[in-house]
Amino acid sequence: MAASIAVTANYVLQPPPYALDALEPHMSKQTLEFHWGKHHRAYVDNLKKQVLGTDLEGKPLDHIINKTYNNGDLLPAFNNAAQAWNHEFFWESMKPNGGGKPSGELLALLERDFTSYEKFYEEFNAAAATQFGAGWAWLAYANDKLKVVKTPNAVNPLVLGSFPLLTIDVWEHAYYLDFQNRRPDYIKTFMNNLVSWEAVSARLEAAKVASSSSA
Amino acid sequence: MTTVVFIIVLVIFAASLYDAGGTTMDPCLESMKTASLPDLPYAYDALEPVISEEIMRLHHQKHHQTYVTQYNKALNSLRSAMADGDHSAVVKLQSLIKFNGGGHVNHAIFWKNLAPVHEGGGKPPHDPLSSAIDAHFGSLEGLIQKMNAEGAAVQGSGWVWLGLDRELKRLVVETTANQDPLVTKGTHLVPLIGIDVWEHAYYPQYKNARAEYLKNIWSVINWKYAADIFEKHSRDLDTN
């Protein structure tokens, strides 16, 4: 599951690929219980209700996301659809005993596109810290380049024409129980202790295949 | 468009606080008034059990304080940019000013919108606001239902407002995103009641149950403040 870039859950609430307490002490079980068990679940349930009886019903999630993004003039189902996708992608972006510096090809590409892992870390950190209000920060891939992107509310790089590789949720519900207002501490903890570089690498491979086949 | 007007008004206001001789800005701008965190008009635990002491402390001492600090920092940078004639920098600072300045403005109103029950929190408004509410929304319950529905529907972070449209002389319910003040929805809008629906406003106590927070907050809403502002503006409107 961690390897797939396309979330084809078809509106099923998939559990994270680890137990709800497996990310302790960096992300508490209580946070997972609410964030996955209530917030993520609500996006999935509400999406199902919202598309019932419409021509979106039964369509793959990424189709719904692109259709309802509507070039920025968001249609009603966008929020639930994109957030359902974003959250599944987020759980899979983390793992127990994760974080730190990647190695191999991924490190080489980060060094190529950001000059160093430290510069990437700084840029990702800054994007996550300066997204006003609710949103996400991403490592994304487009035109054979890695870049850091920040998005508001439910927006994700899929609708901006790039392949998401890694994300951090910076809606307050993602960190408030564990960090309260201290978003910078949450971001550091995510970077140092939670990132699943295996997932990122697998997504990068999928993204390269997908770009070359559509070229 | 109204956002730009708001920013321009803010900048002109800041500029008007010192004397600009001729075409050069006076570099001595110490007289420019920065923002400061207003005191809460009640104890941190005074709104229990509706809003917990933990939330009030974090909300006031951390979130609002951060908006004040960052707003002053941005104003300082603006002052330098203006003194240098760096118009690019002036424009670039607008989003920081809008976000943090808006955060300060909105929260300063919010603390006054709330009151402990023993100080009138939850007590329905007096006239003329009471009659105006009945005229526009059918009843106080009707207004509350509408504000709760719109507040619950805000995607991401923002506010739900009861406002007075001074031009059209009527009450409106509006929502704004992030820290946009009500005036960004119309320069003639005066905020009477604002309810913060950012997750930090309720999360430690209510978690994801924003609807429950909205249902409960009405028992500590300070209608007297709203009614007094409405009355003042109604008098002004009548004499114009």
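A, B, ... follow the sequence lines: proteins, then strands. Residue 1 opens every chain.
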**Request:** Pick one of side chain, backbone, both or neither for B/N208, based on which atoms fall under 4.5 Å of a heavy atom in chain A.
**Result:**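 Backbone plus side chain of B/N208, per the 4.5 Å heavy-atom cut-off to chain A.
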Would you say the ring centers of [X] and [Y] fall short of 6.0 Å from each other?
X	Y	answer
A/F124	A/W138	no
A/H40	A/W85	no
B/Y67	B/F99	yes

**Asked** In terms of heavy-atom pairs under 4.5 Å with chain B, which of A/Q180, A/K38, A/H173, A/R182 leads?
**Response**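 Looking at each of A/Q180, A/K38, A/H173, A/R182 in turn, A/H173 comes out on top.
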**A/F190 and A/Y186 aromatic ring geometry - parallel, tilted or perpendicular at 30°/60° bounds** =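 Tilted: the ring planes of A/Y186 and A/F190 meet at 30° to 60°.
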Chain B contact via [X] - which portion, at a heavy-atom distance below 4.5 Å:
X	answer
A/E33	neither
A/Y176	side chain
A/N181	both

**Request:** Can you spot which of B/H60, B/H63, B/H59, B/K112 makes a side chain to side chain donor-acceptor pair (under 3.5 Å) with B/H107?
**Result:**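 Looking at B/H60, B/H63, B/H59, B/K112, the match for B/H107 under the side chain to side chain donor-acceptor pair (under 3.5 Å) is B/H59.
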